[in-house]
Visitor: 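Before I ask anything, here is the structure I am working with.
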Amino acid sequence: MSAEFIPAAKPIIGDEEREAVDRVLRSGMVAQGPEVAAFESEFADHFVQGRETVAVNSGTSGQHLGLLAAGVGAGDEVIVPSFTFAATGNSVALSGATPVFADIDPQTFTLDPVAVEAAITPNTKGIMPVHLYGHPFLVDQIEDIAKKHNLAIYEDAAQAHGASWSGRSVGSIGDFAMFSLYPTKNMTSGEGGMVTCATPEIARNMRLLRNQGMETQYANEIVGFNMRMTDIHAAIGRVQLTKVDAWTRQRQANAAVLNDGLAGVAGLTTPYVAPEAVHVYHQYTIRVDPTERDRLREALKAEHNVGSGVYYPIPNHRLPSLEKYAPGLDLPETERAAKEVLALPVHPSLTAADLDRVIAGVTAVLSAGA
Ligand SMILES: *Cc1c(COP(=O)(O)O)cnc(C)c1O
């Protein structure tokens, strides 16, 4: 096994990013300033025209502040998927509200509208669906339920920069939407988060909460946090913004190659894409029989030097941190997905030869087990 390791994810950081950081460092002004302001307006223009956008130090901070800015707090319930990164439920818990876990639709791995409707109580304030793996949630059905029951939608768009549903951009659907800028996401600022806001009130509340409750220096209006983004991080993000569309096209092209190459392989299901959806393939997630999944993952690494990932192995309602919100809850599709999913490399740095190796490796391991 001499071929180089193919990682499951690979951030791309180039000379332009390094030069941008250097420019900020040389200026001597490194905390939140003009780079952050420019990044906010460029991000909004790029992904969600017409929405006010607020930068923070992480995606998790963005979700947390977004909920507080939208008036969510103790006594409220927010419906979330359990099949996601823990930050989704954590942000609800941190706001003081109760995360209520609902099951997923098995095709898209996103919130099942029927399960969402069944989870509504008089205390439900909103729904926080996740555009998981870069595939939008089932926007029309979730919106219908939200309207019918007068609930807000808070988008977790951490993995979905540039995705859309019937031509509507992810990030322009809910009261607010959080995009993560963590290194393995479709674009990065090192660490960081961007929140697009549906109303000037939510945007203003977010700005206050991120900066000690101040709009004017030392005139603190409310109790707030320090969750500011630095100009150093914003400078990286601004450069990445000029590259992300080409990376997304490359992810989509890589996914098409994987779809073709894996189409005839017995024992796996390639990712579903809803007809309304533009999928940006943060992950390329296949389903494999639960008895084969871990063997495939280990053999890909050991025999083919190919990395892969399980997102996510433990449903959030079973985590020690969050299980108290879901005593005795049974979410069968979530449990099944946690045992069956495997994310194969799809990142834009892959070469045609890398993709061939991924396909050949998966084919060889699964046919050897049959
Ligand atoms: C990454 C991620 C987050 C949190 O973003 P951070 O920037 O890491 O804080 C939240 N939700 C989902 C679905 C994520 O993938």
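These numbers come from the heavy atoms of this one structure, side chains and all, not from hydrogens, waters or symmetry mates. Order of listing sets the numbers, starting from 1, for every ligand and every atom in it.
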Visitor: What atoms in ligand 1 come closer than 4.0 Å to a heavy atom of Gly192?
Guide: 7 (O)

Visitor: How far is atom 15 (O) of ligand 1 from the closest protein heavy atom, and which atom is that?
Guide: Gln159 NE2, 2.8 Å

Visitor: Do you see a donor-acceptor pair shorter than 3.5 Å between the side chains of Asn205 and Glu201?
Guide: no

Visitor: Name the closest protein heavy atom to atom 2 (C) of ligand 1, giving the residue it belongs to and the distance to 0.1 Å.
Guide: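 Of every protein heavy atom, Lys185 NZ, 2.7 Å lies nearest to atom 2 (C) of ligand 1.
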
Visitor: When you check the side-chain N and O atoms of His317 and Glu323, is any donor under 3.5 Å from an acceptor?
Guide: no

Visitor: With a cut-off of 6.0 Å (strictly less than), are more than 12 heavy atoms of other residues, nucleotides or ligands near CD1 of Ile314?
Guide: no

Visitor: Please determine, by modelled atom types, if Ser58 and Ser61 share a side-chain donor-acceptor pair under 3.5 angstrom.
Guide: yes

Visitor: Only one of Tyr272, Tyr133, Phe137 clears side-chain contact (heavy atoms from CB on, under 4.5 Å) with Thr108; which?
Guide: Tyr272

Visitor: Of all the atoms in ligand 1, which lie at a distance below 4.0 Å from a heavy atom belonging to Ala87?
Guide: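 Here the atoms of ligand 1 in question are 3 (C), 4 (C), 10 (C).
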
Visitor: Between Thr110 and Asp105, does any side-chain donor sit less than 3.5 Å from a side-chain acceptor?
Guide: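 Looking only at side-chain atoms, Asp105 and Thr110 do not form any donor-acceptor pair under 3.5 Å.
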
Visitor: Do Gln283 and Gln159 pair up side chain to side chain, a donor and an acceptor below 3.5 Å, judged on atom types alone?
Guide: no

Visitor: Does Asp156, backbone or side chain, put an N or O under 3.5 Å from an N or O of ligand 1?
Guide: yes

Visitor: Look only at the side chain of Asn220 and the backbone of Gln212, and say whether a donor-acceptor pair between them is shorter than 3.5 Å.
Guide: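 Judged by distance alone, yes, a pair lies under 3.5 Å.
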
Visitor: Would you mind listing which atoms of ligand 1 come within a distance below 4.0 Å of any non-hydrogen atom of Gln63?
Guide: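 Near Gln63, the atoms of ligand 1 are 10 (C).
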
Visitor: Please report which non-hydrogen protein atom sits nearest to atom 7 (O) of ligand 1, along with the residue it belongs to and the distance in Å to one decimal place.
Guide: Ser180 OG, 2.7 Å

Visitor: For ligand 1, which atoms, with element, lie under 4.0 Å from some heavy atom of Ser58?
Guide: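 Within the 4.0 Å cut-off of Ser58, ligand 1 contributes 7 (O), 9 (O).
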
Visitor: For ligand 1, is there an N or O atom under 3.5 Å from any N or O atom of Ala158?
Guide: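 Min N/O separation from ligand 1 is not below 3.5 Å for Ala158.
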
Visitor: Judging by distance only, is a nitrogen or oxygen of Thr84 under 3.5 angstrom from one on ligand 1?
Guide: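 So ligand 1 has no N or O lying under 3.5 Å from an N or O of Thr84.
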
Visitor: Would you check if there is a donor-acceptor pair between the side chains of His161 and Asn186 at a distance under 3.5 Å?
Guide: no

Visitor: Please report whether ligand 1 has a polar contact with Tyr182, defined as an N or O pair separated by less than 3.5 Å (distance criterion only).
Guide: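 In fact, backbone or side chain, Tyr182 has no N or O that close.
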
Visitor: Who's the nearest protein heavy-atom neighbour of atom 4 (C) of ligand 1, and how far?
Guide: Thr60 OG1, 3.5 Å

Visitor: Provide the number and element of each atom of ligand 1 under 4.0 Å from a heavy atom of Val130.
Guide: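 By the 4.0 Å cutoff, the relevant atoms are 13 (C).
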
